[in-house]
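As structure tokens, the structure follows; a few thoughts come after it.
Proteins get letters first, then strands, A, B, ... in listed order; numbering begins at 1 in each.
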Amino acid sequence: MNFPENLLYASSHEWAQVSGTEATVGITEYAQSELGDIIFVELPSAGKKVEAGKPFGSIEAVKTVSDLYAPFSGEITAVNEKLKDEPELINKDCYGGGWIVKIKISDMSAKDKLLPAKVYRESIAH
Amino acid sequence: MATTTVTKKTPFYDKHVAAGAKMAEFAGYWMPIRYDGDIAEHQRVRTNVGVFDVSHMGEFYVTGDGALDFLQQVTVNDVSKLAVYQAQYSAMCKPDGGIVDDLIVYRYPDKFMLVVNASNMEKDFNWLQSNCPKNVKLENASDRIALLAVQGPNALAVVQSLTKVNVPAIKFYWFAEGELDGVSMTISRTGYTGERGYELYFDEKYADQIWNAVMRAGEKFNIGLAGLGARDTLRLEMKYCLYGNDIDETTHPLEAGLGWITKLNKGEFLGKDVMVKAKAEGLKRKLIGIEVEGKIPARHGYDVLKNGKIIGQVTSGTFSPSLQKAIAMAYVETPYAEKGTALTVNARGRELSAKVIPTPFHNGDPSKD
């Protein structure tokens, strides 16, 4: 499985790409493969405040439903509107077209709790 | 006594891994959940042909002079109606009507075979043993038997290309014994998908050979694999019950919509008195089919409400790949079981609008020749 080196990973299987004070957030290849075919993504609206480690939305797959956890505290600045019609983008391209939200980070210290690719990979290898 | 918790492998385990399956523990076995995707596998079975490894299912042989009478006593369907080479969907109940398991009863010339859920195998065997008279012998053959389900509109052509048995002559819920790719087996016109299909029971030592033969024979149809994920959405579209979700020891067959297999006039059997009484008094709840507005499925355990009052629970639910909408099965109090009744479902705090609709959800007929 692919876990790009330039991303940070949460143990709850989200990834974050930090650029300045903004993080783009999605779910990992492992997460999409565990969920299977995704049929609906419940997204917050822009402007909503989120808290690191707390749910900010959910993903409905054919077989199961799973919460999305915010890797950082802050404010939602953008949501991937394409997911409304094409939630399967997360299955097809979880690090690209299947990104989920962007967060304006209010507290950068949460970064220390996120894992580099190598550690995340080891954590899911059982 | 300590129980072992080692997860077992079916004889096709290596095949699944080689095919890239996502494997998970299910009912004590490592089983393939999906290969190339739940929806793709579902559509494969609906439109073409798919292969399931269901070797985790339990097979018990019942022999002896008292076998028929014994099975009449422990199952709800009328075993005396079974001809040799005919099969019957049935259930075993406790004296209080609670369902021990649902199963298929096969009548061979010299024995009966019961096919039970893997998750209940040990419980079922002990239950049967404890009710078994001296003139009946029970044998658990599960570990010796491999079971492949070949399901879908092209299943007939695939199976026929490997055997001299006259496959179209096998009617729905009948079976034949014969050779397929030179291996003796039971070819059964049964399945859990709602499509025409066949289940192949054979000695597990031929597992690799038969798997390869079926996949090769299916090449020209672009045959593919299907996992437990697709199996669940396929059965749900047909409103087939899944033990542990829709039925268990707290539900009886009549409220589960299994009145059609429950023969209250056949004579005595375990659970009969309770069911006769329940029928006379009127059922308090019923297992019904609902469709849910929007794309969020109702799932197992969600409450069903009418005017803010909880009147039932969802037992199984998914997004139906065939119907492209969220469907579910639920127990609701009888007054709310009428088709067309508007209900709501509490999906983790979100209220979903739902409606009771006719079932099966999917308009298919696996018995059609």
Counting only heavy atoms not in A/Lys111, do more than 12 sit closer than 6.0 Å to its NZ atom? no
Does any backbone or side-chain atom of A/Leu35 lie under 4.5 Å from a heavy atom of chain B? Answer side chain, backbone, both or neither. backbone
For B/Glu25, is the CD atom crowded, meaning more than 12 foreign heavy atoms sit under 6.0 Å from it? yes
Taken to the nearest 0.5 Å, the spacing of B/Ile296 CD1 from A/Ile39 CD1 works out to 9.0 Å
Would you mind checking which part of B/Thr233 comes under 4.5 Å of any heavy atom in chain A, side chain (CB onward), backbone (N, CA, C, O), both or neither? side chain
Under a 4.5 Å cut-off applied to non-hydrogen side-chain atoms, are A/Asp67 and B/Arg348 in contact? yes
Side chains of A/Asp37 and B/Pro321: does their closest heavy-atom pair fall under 4.5 Å? no
Check this for me, if you would: do B/Arg299 and A/Glu60 make a salt bridge, where the nitrogen-to-carboxylate-oxygen distance has to be below 4.0 angstrom? yes
Indicate the atoms forming the closest heavy-atom contact of A/Ser33 with B/Arg34, along with that distance. O-NH1, 2.8 Å
Can you tell me which portion of B/Lys295 sits under 4.5 Å from chain A's heavy atoms? Options are side chain, backbone, both or neither. both
Quick check: are there more than 12 heavy atoms from other residues, nucleotides or ligands sitting under 6.0 Å from NZ of B/Lys22? yes
Do B/Asp38 and A/Lys63 meet the salt-bridge criterion of a basic N to acidic O distance under 4.0 Å? no
Verify the neighbour count for atom CG of B/Asn363: are there more than 12 heavy atoms of other residues, nucleotides or ligands below 6.0 Å? no
Okay, A/Glu42 and chain B: the region with an atom under 4.5 Å from a heavy atom over there is side chain
